[in-house]
Structure formats: structure tokens, C-alpha cells
Amino acid sequence: MIARFKPTWMVDTVYNISPKQLQAHGIKAVLSDLDNTLIAWNNPNGTPELREWMAELQAAGIPLIVVSNNSAKRVAKAVEHLNLPFVSRSLKPLSFGITTARRRLGLTKDEVVMVGDQLMTDMLAANTAGVRSILVKPLINSDKWDTQINRFFEKFVMKDLEKKYPEMTWQEDLND
Ligand SMILES: [Mg+2]
């Protein structure tokens with residue numbers, strides 16, 4: 001049961017994940033959660049590091065698609081300045097959004113990775129969809145109320161994961 005929440009990798013931040021590392025693992029596209037993974041509510045335009053990372057992916061020909069549970073209107077507004085394609089109402093922790101994004105790209109399960117800051121939505125959805133995943137640390141700690149409830153339960157899930165998989169640690173990047 002607890003295995004359903006297990007991320008493939010745990011990396012401090014998305015900015016550390018280089019195209020080279022992704023390619024070394026056969027990954028051709030990145031699917032990503034939006035809130036607190038790519039942008040924080042207090043910095044909706046994204047940091048210079050985010051933009052630099054996006055440019056690196058683009059130069060390497062690695063598409064980045066946002067997979068968010070928010071409405072199309074909300075996501076469209078949020079990614080307006082970032083110019084990113086997205087799947088809204090993705091129904092995480094169900095596999096729907098991830099599978100939709102993956103099919104849109106015409107890629108296999110092995111060729112995409114799902115990035116997110118939550119075990120109970122992003123990582124569970126990735127495992128349900130049968131794709132590899134990267135858990136990142138949330139950009140900021142103040143969340144909307146529904147996320148706060150998730151985070152409360154998430155602490156217990158994380159404890160169980162750490163007990164069952166003691167080798168699981170936060171890495172600087174995929175190469176560690
Ligand atoms: Mg999030």
C-alpha cells in the first residue's frame with residue numbers, strides 16, 4: 001500500500017534536474033505539477049531559475065507540460081507568462097491527467113516523468129499511471145487549506161515511506 005506513494009527520486013528542486021540527467025534515464029518529456037512545484041502563489045511569474053531551467057529543457061527538445069488539478073481558467077492564467085502547455089482538472093491522484101499529457105506527446109510510460117511536491121496527489125497519480133516520478137520540496141510552506149490537510153496526512157505517509165525504504169533520501173539531482 002505504502003509503495004503507491006513512493007517517488008522514484010527525491011530532488012530538492014526542479015531546477016537541479018538537467019536535460020542530460022533526464023536523457024540518461026531515457027526520459028523525453030517532463031510532466032509537472034504547478035503550485036509549489038513550478039511557481040509559488042506569492043511569485044506567480046516564476047523565478048529566474050525556473051525560466052532558465054525551462055530554456056534548458058527547450059534547448060534540449062524536452063517538452064514540459066503542466067498537469068494540474070485546477071480549472072482551465074486558473075491554470076491558463078497561472079501559466080500565461082510562462083507560455084506552457086497544460087492539462088487542467090487532471091484528477092490527481094487518479095492517472096487521468098498524466099495519461100492525457102503522455103498520450104498527447106505520443107510517448108510511452110518509460111519516456112515521461114512526473115514532478116510534484118505532494119505524495120498524496122502527484123506521486124500517487126504517477127504510480128497509478130505507471131510512470132516514474134520526482135518528488136521536490138515545496139517552494140513555500142504556506143498552502144491553501146485543502147493542501148494543508150493533505151500535508152498533515154502526508155507527514156504520516158512520509159514516515160511510513162522512510163521506515164520501509166530507509167535508502168530513500170533527498171538528492172541534489174538525479175545523479176546522486
Ligand atoms: Mg503542488
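Start at 1 and go down the list; that is how both ligands and their atoms are numbered.
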Of all N, O or S atoms in [X], identify the one at the shortest distance from the Mg ion (ligand 1).
{"X": "Asp33", "value": "OD2"}
{"X": "Asp35", "value": "O"}
{"X": "Asp117", "value": "OD1"}

Is it the case that the side chain of [X] and the backbone of [Y] share a donor-acceptor pair, with hydrogens and angles ignored and the cut-off at 3.5 Å?
{"X": "Glu154", "Y": "Leu119", "answer": "yes"}
{"X": "Arg102", "Y": "Leu107", "answer": "yes"}
{"X": "Asn36", "Y": "Ile140", "answer": "yes"}
{"X": "Glu49", "Y": "Tyr15", "answer": "no"}

Next item on the list: Return yes when at least one N/O/S atom of Asp122 is nearer than 2.8 Å to the Mg ion (ligand 1), and no when none is.
Entry: no

